[in-house]
Every structure is written in C-alpha cells, then in structure tokens.
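All heavy atoms count here, side chains included; hydrogens, waters and symmetry mates do not.
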Amino acid sequence: MRPFDYVEPRSVDEAVALLSRGGERTRLLAGGTDLIPRLRRRQWRIDRLIGLRRIDGLRDLTLEDGVLAIGAGVTLEELAASTTVSDVCPLLAEAARLMASPQVRALATIGGNLCHASPAADLAPPLLCLNATLRAIGPSGGRDIPIGEFFTGPGRSALRDGELLVQVRVPAVEGRGVYLKFSPRRAMDLAVVGVACFRSHGVATVAVGAAAPTPLRVPASPDEAAARCSPIDDLRASAEYRREMVRVLTRRALEIVP
Amino acid sequence: MRHSIAMTVNGRRTVLDVEPHRTLLEVLRDRLDLLGTREGCGVGECGACTVLLNGRAVVSCLVLAVSADGAEITTIEGLAKEGRLDPIRTGAIQCGFCTPGMIMAAKGASVLEGNLCRCTGYAKIHEAIAQSASPPAGRETTSA
C-alpha cells in the first residue's frame, strides 16, 4: 500500500468536517474489508483515511418505536448473532450469515456493505424488501434516504460529498422472509444472483442482487422479475444464466414464503 | 506520520510506532517477529493470517495496525502454554503454511469457512479440530 495519513475523529460532526474538507482522496475506514484490498491493488489512491471506530453510537443496535435502528458500524457478525435482529428481521440476519467468512464478518460493517454499492451486496435485497431507510449526516445536516433511492450505479450511491451514513432504519413489520443466495461455494463467495422475498399481510415484495447495475426491487412474479433485471456477463455467469436464475429463485422464494 | 500504538500481544503489553498504511499482519511479522502468522493472499480470502483481535478471529491482513491500537491480540505463538503445545495442535498438517490460521479460526470462530489449504483435503483438518475440542476418553493429550 502507498502511505497515507490517518485520523480517528471522536464524533460524527468531526468526521463530517474532515470528510468534506478532504475531497476525493479522503476515504472512510469502517471494517476495511473492501477498502484495504482496493488500496493494496492500487485501485484507489488516497491521501487520508478517516477511521470511524472511535465514534460513539455507530455500533448501537436498538429497537425503538417499531424501528430497528442499526448503527452503520455494526458488523456482519453482530447482525448475524443479534437476537434483536433475529427476532425483528430474521431475513437480514440470514443474509449476513451467508456473507464472506467469520474472520471477515467480524470486521465488515453494514454501512460499508451498503456504501460500496456493489450490485451484489448481500444485505441490499433484504433491506429493499423491508423498506429500510438510510440516515446520512452531512455538512448541512441529516437526511433520510429510502433504500430504493440509495443505489445509483455500480459503486455509486446517493450520498453527497461530505455525507456519512450513520444508521440503517428498518421498520419492524410482521411477515416472513427468505434470502436465496446462489453461488458455487457455500462460503467466501459472491452471489451469482441473490433474491430476497418478504411477505407481509399477503403481499410479497421481491428484490434481487447481482442482476442489474444496482440491487433492485422487482415484481413478485418469476417472469416479470426476470424481465425487469439487466444482468451482465462476467466470470461468475452469463447474463442469460443470471436472468434464468432470477426466474428460478424468485419462484422458489415465493414458494418458501407462501 | 507515524502513530504510537499500544496493543497487548499474547499477554504482553507492546508499544510501538507504526505508519498508518501498515497492516497488523506486517507489524506482527516484521516488527514483533511473530512469524507464525502467515501472509497468503493478502486480501482477506485465504485465512492464513487469522489472529484473535479482542477474542474474535479476524484476518490480520485487512486490519490496519493503527486501528488495532488498544486491542488485545492473540497469535498462534500465544497458544503455546508453558512450552507445551495447545491441545488443538495435533495432526492434519502437510506443508503447514495454512495451519496457524486454521487453528486460530478454530479457536476464535469454531468454523473453517474462511481458510484455504492448497495441499490437501479438509477432512483431516476437521477431524483434528473435532478431536482437540473433545478428546476421546483414555487418549493421551497434552492438555494440562
């Protein structure tokens, strides 16, 4: 890795000030599991890293007024192990358990997974089904971004310059969900496609990952879901195969949560 | 700029100056001479560099040393008690490169999802870990 400066702010405001002053070559460090490999491969060139680990509140996980409030710094391991998450939205805990390896899940955060805006981010389809809201704080204050508006392209999100994702808010809704991750290996692998389905009061919501430039809500019908996505060919699968898998997994998911 | 960090490594308080772009793995190996922790892929995929950070198994190649300031670290060297090997270190080794990471993952996470072995299959390794976790009655082990 090339050398860079490192700072550890103690508050969100301090982090936002550092981030907005810093410009393009200032980056945030949460779990580091996406960032460090990029720095090692010299994909990104940075002058300064802002370490978020000393900021109070970013690792809080609370249930209040029917909303599960998950700090952006909560790790995948904490999501997978939390009884609150398993009680209120087991779908999210299930997706977290299917990601990476224990040694990575102990580091990687929900905020990092979302902010990297990978089309294959495993937490995104469940959160799209659950209508999560993402709370961001920037130089001009805070705002809530519906997750359906958060992803704007591969690696691109609706966060503006100087904005920091601080919390993921998931409404606690009665219902049943499932996340089907299709990948050749059972661990340490990215999804060829991922399909989440949540049914509440008879109405099913379906969202897909790795099947379009962004994680995407699709119609709750196998054929329409397949038609709506716009997958690419890459080393994991062809676009045609992905589209077919969206059809199959959507059908299965709808069967699992009747 | 160098940062002063303090960690407890294998029970010993360690203070040193590090550059922010150095990983915990580099510091363990190059500065503290703890060569049991291996660098395999260097990008968090293979698990050869697994150590315990505050009791949790993590890949030390993805942890910046500066962000381990204040942490308690256990490496494979920290498992040897009074000159005897920890009971988990029995059998299932071919070239041995991946072994320390496997052992630390077994200790900290109880599963081997995140560890690659390029010599052999995983069956013997799983057996050895299961055996160490619950030694059969009457079998001689090195446990105290």
| Evaluation steps, side-chain contact (heavy atoms from CB on, under 4.5 Å), between Asp69(B) and Arg54(A) | CA-CA 11 Å; Asp69(B) 179 31; Arg54(A) 291 195 198 269; 3.1 Å; yes
| CZ/Arg31(B): more than 12 non-hydrogen atoms of other groups inside 6.0 Å | yes
| message | Quick check on Arg38(A) against chain B: is it the side chain, the backbone, both or neither that has a heavy atom closer than 4.5 Å? | response | neither
| task | Could you grab the distance from atom CG of Leu112(B) to atom OG of Ser101(A), nearest 0.5 Å is fine? | result | 10.5 Å
| task | Over all heavy atoms of both residues, which pair between Pro102(A) and Ala109(B) is shortest? Give the atoms and the distance, please. | result | CB-CB, 3.5 Å
| request: Flag yes if more than 12 heavy atoms outside Asp56(A) fall under 6.0 Å of its CG atom; otherwise flag no. | output: no
| From Met1(A) CE over to Leu64(B) CG, what is the distance, rounded to the nearest 0.5 angstrom? | 5.5 Å
| In terms of heavy-atom proximity below 4.5 Å to chain B, should Arg186(A) be classed as side chain, backbone, both, or neither? | neither
| request: Could you check which of Gly51(A), Pro37(A), Gly32(A) has the highest count of heavy-atom pairs closer than 4.5 Å to chain B? | output: Pro37(A)
| field | SB check Glu113(B) Arg185(A) (cutoff 4.0 Å) | value | no
| Under a 4.5 Å heavy-atom cutoff, which of His3(B), Met104(B), Met1(B) has the most pairs with chain A? | His3(B)
| task | Sort Leu35(A) into side chain, backbone, both or neither according to what part of it lies under 4.5 angstrom from a heavy atom of chain B. | result | neither
| field | Proximal component of Leu49(A), with respect to chain B [non-hydrogen, under 4.5 Å] | value | side chain
| field | Ionic contact status for Glu39(B) with Arg40(A), cut-off 4.0 Å | value | yes
| Straight-line distance of Cys61(B) SG to Ile36(A) CD1, nearest 0.5 Å | 9.0 Å
| query | Within a radius of less than 6.0 Å around CD of Glu24(A), do more than 12 heavy atoms belonging to other residues, nucleotides or ligands occur? | reply | no
Below 3.5 Å, can you tabulate the donor-acceptor pairs from side chains in residues 44-60 of chain B to any protein atom, sequence neighbours excluded?
| from | atom 1 | to | atom 2 | distance (Å) |
| --- | --- | --- | --- | --- |
| Thr50(B) | OG1 | Gln103(A) | NE2 | 3.0 |
| Thr50(B) | OG1 | Gly47(B) | O | 2.6 |
| Asn54(B) | OD1 | Glu72(B) | N | 2.9 |
| Arg56(B) | NE | Glu77(A) | OE2 | 2.3 |
| Arg56(B) | NH2 | Glu77(A) | OE2 | 3.1 |
| Ser60(B) | OG | Cys49(B) | O | 2.7 |

| query | Any chance CG of Asp87(A) has more than 12 other-residue heavy atoms, nucleotides or ligands included, within less than 6.0 Å? | reply | yes
| request: Considering non-hydrogen atoms only, spot the tightest contact between Pro20(B) and Phe4(A) and give its length. | output: CG-O, 3.3 Å
